[in-house]
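Worth saying up front: this structure is predicted, and the values here are computed from it rather than measured. Reminder, nothing fancy here: chain letters follow the sequence lines and each chain counts from 1.
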There are 2 protein chains.
Amino acid sequence: MNKNIYILGGEQTDFQRNWAKEGKSFVAMLREVVDDSLAKVDIDYAELNTLNKANDVAAFIGNFAGELYNKQGHFSAFFTEINEAFYGMPCGRYEAACASGSIALEAAINKILSNEIGLALVVGVESMKTVSPSVGGDFLGTAAYYDKEAKGLDFPFPKLFGKLADVALARYKIDETRFMDALAEISTINYANAKRNPKAQTRNWFMNKEHASKRGGEFNMDVGGRICITDCSQVTDGSASVFLASEEYAESYAKKRGISLADIPVIKSWANRIAPLTFDKKVAESKGQPYILPWTRQAVLDAYKKANLSVDDIDLFETHDCFTSSEYVAISAFGITEPGKEHEAIEEGIIDFKGIKPINPSGGLIGVGHPVGASGVRMMLDIYKQVKGVAGDYQVENTKNALMLNLGGSATTNMVFIVGRS
Amino acid sequence: MNKNIYILGGEQTDFQRNWAKEGKSFVAMLREVVDDSLAKVDIDYAELNTLNKANDVAAFIGNFAGELYNKQGHFSAFFTEINEAFYGMPCGRYEAACASGSIALEAAINKILSNEIGLALVVGVESMKTVSPSVGGDFLGTAAYYDKEAKGLDFPFPKLFGKLADVALARYKIDETRFMDALAEISTINYANAKRNPKAQTRNWFMNKEHASKRGGEFNMDVGGRICITDCSQVTDGSASVFLASEEYAESYAKKRGISLADIPVIKSWANRIAPLTFDKKVAESKGQPYILPWTRQAVLDAYKKANLSVDDIDLFETHDCFTSSEYVAISAFGITEPGKEHEAIEEGIIDFKGIKPINPSGGLIGVGHPVGASGVRMMLDIYKQVKGVAGDYQVENTKNALMLNLGGSATTNMVFIVGRS
């Protein structure tokens, strides 16, 4: 039904960088990622300017809580601080907590499909190291229902996803040792994958299965019930961007550069489903149902249906492993196993880098880092790279189709995209 | 080229209310405006639920700085707190400072045009009376480049729009007395219009031309150079919403209710243009040009062109009079006068309620109030009402086409919509 959306490419910043320590703000970050992305897709500011004059390009920015981390709103206006080629361009800022990047992607896709523009620049950006970890953790609480779920708590989000682990254990009656081992393995795989990714935050960090398995104590502090430090993605500064294009623009782009249109990956489908805001309401709604997070599952099903694909057609997944428990339940949401049997896939090596359904070859949020508003765009960039075959040391061979799942809050906003060849 | 977007109706809260004093949060505000809007458009939660099951409806929320005013992000998730009919619905939050409502409207329009949904609920919401005026004024500074234009200043925005008055005076060499009188007249008209609007914040406030003209001193404090209290819109709590529909949905909606499709107003065109972020760069860019804010003018021209209309076809305007100076320059941006001659239109009564080109029959931001993220949606609701003929005591007779201009920051984001009959 819908026309294809082409992905021309993009770039991410090195998620190991601490921009506050460098004395650089999010504006410098935005500038670097846009400049690098333009170079990657072989478009210069002169061409951007020409497109802008024809009102055929727009820019979209995903950001979660710059008001808190950077005392700044109106992020869309900062494109004009980078280069005059943005003067006059339609711009907007898009937010859905940790799925802010995906909400920006969705807005860009719809603006292309409605024939408003041929080219869209989508950037996700979050500069979080401006504050201490505990203050930052409190700010993250605004992705949940702050007054009810976060106010006065240290690190509210690990606690929410610790509860998810509790619910999975209770509902599926999984052996606790097996379950906790599966979570440790998720963490170990993500860290191991990140070592192949030259832009990953943790690429030089220490990690092994033994460390991930020994929870509690000074080396692996308990931060949310069953959730310890090794189960968490970390506070990260970072930005990622992609250029999306209409078929018409992609055709002319490909022709001018002597490349084949068929060689440009496309977004085959996307889905957006919101679940009840508070974690307790989520669990109450899904009581007695096979999936703890039915709207996560539904978003995946929507995307499969729209793309006319099934789990069998997906060669790899990038998922929102803000915590090991969220990756755990995603395994069944994708349809890799039945709900409650996720640990079997983990034990059998199915989701390993060399497995038949690799999850997070990039390293995921745990390994690459989680600059909140940027993660959705970073995931899109990574599945694009895999389908295009340019993921370097973390390339999964023969990737025809790849799926990403980006969550906002405690799996409140659920966004899924499938990328493949046209 | 594009298909029509139909406006089924909507509602706004009473902008005189102080929700903090009532002990109610923005969630209560959201609930009330959505409930009231559903009643207005004759859609109940059962119907919303049916549409949601068919994945044919989405909800969009415009909000500026809830992170600061309400210590809360992820506003889109709060639809699920109102009613279970929202469970599973695609939702997102949209921000462009004071044009947040318009960015939400644009996202909804594009999602309808890309055939994703038939019905869109667009809500703008801002709960600002949670903090003192000076703290709130500081928060508003995040709509500008905070570090460069607002940090450490009392009430940065009146100062920026005071500069706009300075630039207009200097560039157009207008007689200062005439110019300041024109600004006072703008304020007087907006307050007078607001007295006809039963939802306006200032409907019972004292105002006359003499008061607006006597600037300075304890009764009309100078807050930004030439800009005094009577030149400002005021901090306001409020929410507004509209339902937008595809032609297909609108046809079935009209048929079921025995109304004529032709009787439902449509959005004929829209435009989004971003100007350089800082006010100084804006003025530097437009030096020697006829318009001080060329991107505001361009957005108006885009909307005229797309709708195949000119200023002659527009029967009334709702404009973003955050300050009298912003309404002043809008007069030429609309094409009512040449730039620099705006005061003549004001002196001749052209923009009066009974004039030939009424501006802000609702009372505008100065009269109705300016709950930042809600204002764009409130304007859309008002021009819908005028075209539909349901504006009550502030109805401008025989309104065929109406235009709204919503600005973000110091006229950084410029969004224009034209509403009329199909």
Side-chain angles (χ1 to χ4, degrees), chain A residues 1-2 25 55 58-59 64-65 67-68 71-81 84 86-97 103 106-107 109-116 139 142-147 151 271-278 281 285 295 298 302 408-409 412-413, chain B residues 1-2 25 55 58 64-65 67-68 70-81 84 86-97 103 106-107 109-116 139 142-147 151 271-278 281 285 295 298 302 408-409 412-413:
Chain A
M1 177 185 74
N2 281 317
S25 76
N55 207 2
F64 164 49
E67 289 80 358
L68 299 173
K71 190 79 186 273
Q72 184 63 59
H74 209 176
F75 269 69
S76 47
F78 283 86
F79 287 113
T80 67
E81 286 288 308
E84 293 185 9
F86 288 100
Y87 287 11
M89 200 180 285
C91 297
R93 183 267 192 108
Y94 305 85
E95 188 265 333
I103 285 284
E106 190 197 34
I109 290 169
N110 283 324
K111 200 169 169 83
I112 292 171
L113 289 178
S114 67
N115 295 317
E116 288 274 306
F139 289 171
T142 65
Y145 195 148
Y146 184 81
D147 282 346
K151 200 174 182 174
N272 172 349
R273 292 281 192 177
I274 204 153
L277 171 54
T278 65
K281 282 192 186 172
E285 190 205 9
W295 296 113
Q298 188 59 48
D302 291 348
T412 307
T413 295
Chain B
M1 179 184 76
N2 282 315
S25 76
N55 206 2
F64 164 50
E67 290 80 0
L68 299 173
N70 316 113
K71 189 81 185 270
Q72 184 63 58
H74 210 176
F75 269 69
S76 47
F78 283 85
F79 287 113
T80 66
E81 286 289 307
E84 293 186 9
F86 288 101
Y87 288 11
M89 198 180 288
C91 297
R93 184 266 192 108
Y94 305 86
E95 188 265 333
I103 285 284
E106 190 196 34
I109 290 169
N110 284 323
K111 201 170 169 84
I112 292 171
L113 289 178
S114 68
N115 295 318
E116 288 273 307
F139 289 172
T142 64
Y145 195 148
Y146 184 82
D147 281 347
K151 199 174 183 176
N272 172 348
R273 292 282 192 175
I274 204 154
L277 171 54
T278 65
K281 282 192 187 173
E285 190 206 11
W295 296 111
Q298 188 59 49
D302 291 350
T412 307
T413 296

(request) Sort B:A144 into side chain, backbone, both or neither according to what part of it lies under 4.5 angstrom from a heavy atom of chain A. (result) backbone

(message) Taking side chain as everything from C-beta outward and backbone as N, CA, C, O, which of these in A:I103 sits under 4.5 Å from a heavy atom of chain B? Side chain, backbone, both or neither.
(response) side chain

(message) Does any backbone or side-chain atom of A:A271 lie under 4.5 Å from a heavy atom of chain B? Answer side chain, backbone, both or neither.
(response) neither

(request) Report the option among A:I274, A:L68, A:D147, A:N55 that has the most heavy-atom pairs separated by less than 4.5 Å from atoms of chain B. (result) A:I274

(request) Identify which part of B:N70 has an atom lying under 4.5 Å from any heavy atom of chain A, answering side chain, backbone, both or neither. (result) neither

(message) Given heavy-atom pairs under 4.5 angstrom as the criterion, report whether the side chain, backbone, both or neither of B:E285 touches chain A.
(response) side chain

(message) Taking every non-hydrogen pair under 4.5 Å, which of A:T80, A:T413, A:I109, A:T142 racks up the most with chain B?
(response) A:T142

(request) Under 4.5 Å, counting heavy-atom pairs only, tell me which of A:A107, A:A65, A:G408 racks up the most with chain B. (result) A:G408

(message) If I measure from the heavy atoms of chain B, does A:Q72 come under 4.5 Å with its side chain, its backbone, both, or neither?
(response) both

(request) Answer with side chain, backbone, both or neither: which region of A:K281 has an atom nearer than 4.5 Å to a non-hydrogen atom of chain B? (result) side chain

(message) Any side-chain to backbone donor/acceptor pair from B:R273 onto A:G88? Under 3.5 Å, distance only.
(response) yes

(request) Find the one option among A:K151, A:Q298, A:E84, A:M89 whose heavy-atom pairs under 4.5 Å with chain B are most numerous. (result) A:M89

(message) To the closest 0.5 Å, what do you measure between CG (B:L277) and OH (A:Y87)?
(response) 9.5 Å

(request) Could you look at A:F79 and say if it's the side chain, the backbone, both or neither that has a heavy atom under 4.5 Å from chain B? (result) neither

(request) Over all heavy atoms of both residues, which pair between B:S114 and A:L113 is shortest? Give the atoms and the distance, please. (result) CB-CB, 3.4 Å

(request) May I have the step-by-step check of side-chain contact (heavy atoms from CB on, under 4.5 Å) for B:E95 and A:H74, ending in yes or no? (result) CA-CA 7 Å; B:E95 188 265 333; A:H74 209 176; 4.0 Å; yes

(request) Give, for atom CD of A:E67 and atom NZ of B:K71, the distance between the pair rounded to the nearest 0.5 Å. (result) 13.0 Å

(message) If I measure from the heavy atoms of chain B, does A:E106 come under 4.5 Å with its side chain, its backbone, both, or neither?
(response) side chain

